[in-house]
Amino acid sequence: MFKKVPHTYVIIFSLIVFAAILTWLVPGGEYVEETTVVNGVEQTQLVFKTIESQPQTWEVFAAMVNGFEKGAGIIVFILMIGGAFWIMNDSKAVDVGIFSFLNFVKRLDHFKLIRMMGANNLILTLIMLMFSVFGAVFGMSEETIAFMVVLIPLAISMGYDSITGVGIVYLAAHLGFAGAVLNPFTIGIAQGLADLPLFSGFEYRLVCWVIINIVGFAYILIYARKVKRNPKSSPVYHEDAYWRNRAATQLEDIDKATPRAAWWAYGLTALALVLFALMHQQTTLKIGGGEGITWPVMPIMAGIFILTGFLSLRKKVHFFILNLLAFTILFLVIGVMGYAWYITEIAALFLAMGILSGIAMGNDANQITKLFLEGAKDIMSAALVVGLAGGIIVILEDGKIVHTILHALAQSMSDLGNIASVGIMYGIQTMINIFIPSGSAKAALTMPIMAPFSDLIGLSRQATVMAFQFGDGFTNMITPTSPVLIGVLGVAKVPYTKWFKWAAPLIVMLIVLGFLLLIPTVTMTLNGF
């Protein structure tokens with residue numbers, strides 16, 4: 001019997017073919033905007049209309065090309081990140097940092113309380129908590145791709161595997177994303193379309209975020225403990241040979257004297273930060289899209305970098321490069337919260353970090369370019385998978401059946417009680433997420449329909465928004481149509497089939513938990529609901 005697991009590319013192409021078959025079986029349809037006058041006030045609403053479907057045939061091959069166009073931003077982002085980190089990794093700075101970090105963790109075991117908790121458990125939990133907060137506050141998603149090449153080597157060095165590395169970054173961020181309290185890209189848009197006060201219902205959402213994190217973190221920590229005890233029990237033990245070989249690289253440059261070029265890199269960076277600080281003397285950091293707080297963030301950051309950069313160069317060039325990495329991450333957070341940065345700006349930020357790392361190690365322009373190309377080549381397979389996965393959505397959209405599927409699901413909610421209605425609505429949003437993984441796009445499409453519908457059946461609009469929030473968040477961590485998930489797994493060298501098998505029990509638990517957390521929104525009096 002044929003038992004070999006299909007290659008990820010084979011799975012994705014099969015899904016493209018399946019989507020094409022659906023275009024022959026499912027009638028076409030679309031939602032169109034219609035303006036009506038109610039009590040003298042014009043109202044615009046989405047109305048479903050049946051149209052002729054567009055059955056797809058040879059388009060399954062064109063879909064892959066269109067998928068690359070659709071996912072061009074993330075594809076380029078992955079290539080830029082891969083090239084930049086390859087330049088930095090060539091310096092062995094991350095290896096030196098991990099080596100120092102592990103020595104620090106070992107020293108923590110001398111404290112009885114830390115020993116009882118487990119130093120490694122504490123470290124993993126703090127990392128997960130950080131990324132979960134990022135997901136809950138500003139919707140961190142695509143940004144997690146950039147952290148794979150740093151946190152996976154750390155997980156491997158601590159005795160874990162690449163799945164643990166993906167879990168503490170990508171999964172943690174999406175636990176926060178699903179239980180978001182201030183995410184402007186999902187809750188902000190959905191509440192705005194539902195005519196609700198922005199980020200209302202904060203208190204209960206915070207409770208849900210805590211509960212979701214406890215379940216998700218426990219699942220990851222239990223698995224990590226199992227792998228720590230028996231590394232060969234990991235389903236990706238053989239795939240992780242790639243990361244273990246990198247971790248075993250000899251640190252031949254560990255005692256290398258600081259090149260003069262490192263001081264030039266320091267001076268160039270300091271000058272750029274000073275100029276940027278003069279241009280942006282005040283920065284308003286918006287947490288979740290609220291009014292925010294205004295601080296002289298850039299002048300403060302420039303001053304701190306000038307001091308820490310000088311001290312790190314006095315110690316060793318590797319620590320200067322790690323300092324560059326730390327400030328890159330800080331500027332990523334500041335850029336997202338203060339200047340609405342997205343993948344273009346973030347990719348440029350990491351590219352600058354890579355180039356400065358190469359200069360600091362004394363590499364000339366040709367050497368830096370060669371390293372960048374090697375990094376882009378190494379990560380190319382991840383970029384290709386993202387493009388291929390985009391072809392699934394292209395087929396469904398070109399076949400004119402996405403809205404038909406949405407409409408059919410929405411019709412299933414008539415004549416049900418509140419608990420059943422919110423459950424069906426949650427199930428619909430979960431199903432839609434397979435076809436439309438973008439939270440903002442799904443909110444724009446579904447909330448104008450779901451919010452008025454909830455009024456007709458006596459359901460709180462806030463409960464409707466939460467059903468959308470959970471339905472959007474949980475399946476993102478497993479659906480093959482998510483370009484971010486596919487990109488993360490590609491960078492991590494984790495086969496999709498193995499990730500699916502590992503993550504599926506957790507996703508089932510979270511989906512059930514999501515329904516249980518929705519029940520109080522229709523049975524209890526909650527602030528904002």
Side-chain angles (χ1 to χ4, degrees), residues 3-8 94-95 97-132 144 147-175 213-251 382 477-478 485 488-510:
K3 294 183 178 180
K4 187 176 180 181
V5 177
H7 192 283
T8 302
V94 173
D95 302 74
I98 291 174
F99 182 75
S100 301
F101 178 78
L102 293 177
N103 285 337
F104 171 74
V105 171
K106 289 177 183 177
R107 289 197 296 270
L108 288 178
D109 279 334
H110 294 145
F111 297 95
K112 185 177 180 180
L113 179 62
I114 299 295
R115 191 164 57 250
M116 290 174 60
M117 296 173 58
N120 285 357
N121 286 338
L122 180 61
I123 296 300
L124 294 181
T125 300
L126 290 176
I127 293 173
M128 289 189 289
L129 185 60
M130 176 181 69
F131 281 102
S132 181
T144 56
F147 292 94
M148 289 298 104
V149 290
V150 176
L151 273 299
I152 289 181
L154 174 62
I156 297 292
S157 298
M158 294 174 70
Y160 302 116
D161 64 353
S162 54
I163 286 181
T164 304
V166 174
I168 62 176
V169 181
Y170 171 81
L171 199 64
H174 280 73
L175 288 171
N213 277 338
I214 289 173
V215 173
F217 288 8
Y219 188 86
I220 295 170
L221 289 174
I222 291 171
Y223 170 79
R225 184 181 181 185
K226 174 186 172 185
V227 172
K228 180 81 170 178
R229 288 179 172 177
N230 180 16
K232 291 187 178 181
S233 66
S234 167
V236 291
Y237 178 77
H238 296 294
E239 287 84 355
D240 282 351
Y242 171 85
W243 297 106
R244 288 193 297 272
N245 291 338
R246 288 184 60 174
T249 301
Q250 295 297 317
L251 304 182
M477 305 179 224
I478 203 168
L485 170 62
V488 164
L489 297 181
V491 173
K493 315 294 183 186
V494 175
Y496 173 77
T497 50
K498 293 189 176 182
W499 172 261
F500 183 93
K501 184 177 180 181
W502 178 83
L506 173 62
I507 304 305
V508 171
M509 285 190 286
L510 290 175

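Atom CG in Leu506 sits 5.5 Å away from atom CG in Leu171 (nearest 0.5 Å). Atom-to-atom distance recorded for Asp161:CG and Trp502:CH2 is 8.5 Å, nearest 0.5 angstrom. Taking CH2 of Trp499 as the start and CE of Met477 as the end, the distance is 9.0 Å to the nearest 0.5 Å. Within the model, atoms OG of Ser234 and OH of Tyr223 stand 3.5 Å from one another, a figure rounded to the nearest 0.5 Å. Expressed to the nearest 0.5 Å, how far CD1 of Ile168 lies from OG1 of Thr164 amounts to 7.5 Å. Here Asn230 contributes atom CG and Tyr237 contributes atom OH; the two are 9.0 Å apart, rounded to the nearest 0.5 Å.
A donor-acceptor pair is defined here as one N or O able to donate and one able to accept, closer than 3.5 Å; such a pair exists between the side chain of Lys228 and the backbone of Met158. Side-chain atoms of Trp243 come within 3.5 Å of backbone atoms of Ala492 as a donor-acceptor pair (strictly under, hydrogens ignored).
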Stepwise side chain to side chain contact (heavy atoms under 4.5 Å, CB included) check, Leu485 with Leu489: CA-CA 6 Å; Leu485 170 62; Leu489 297 181; 3.8 Å; yes

Audit row: Ile163, Val494, side chain to side chain contact (heavy atoms under 4.5 Å, CB included) steps and yes/no: CA-CA 7 Å; Ile163 286 181; Val494 175; 4.2 Å; yes

Assess the residue pair Phe131 and Tyr170 against the criterion (ring pair (Phe, Tyr, Trp, His ring centres under 6.0 Å)); give the C-alpha distance rounded to whole Å, side-chain angles, the decisive distance to 0.1 Å, and a yes or no. CA-CA 8 Å; Phe131 281 102; Tyr170 171 81; over 10 Å; no

Run the numbers on Ile152 and Val491 for side chain to side chain contact (heavy atoms under 4.5 Å, CB included), then give the verdict. CA-CA 10 Å; Ile152 289 181; Val491 173; 6.0 Å; no

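Ser132 and Phe217 make their closest contact through CB-CZ, 4.1 Å (heavy atoms, listed as atom of the first residue, atom of the second, distance). Scanning both residues, Pro153 and Met148, for their nearest heavy atoms gives CD-O, 3.7 Å. Contact record, Ala173 with Thr144: CB-CG2, 3.7 Å, taken as the closest heavy-atom pair. Taking each heavy atom of Pro495 and Glu239 in turn, the nearest pair found is CG-OE2, 3.6 Å.
In this structure the side chain of Met128 never reaches within 4.5 angstrom of the side chain of Val169, judged on heavy atoms.
Side-chain atoms of Tyr160 and Asp240 form no donor-acceptor pair, as typed in the model, at a separation below 3.5 Å.
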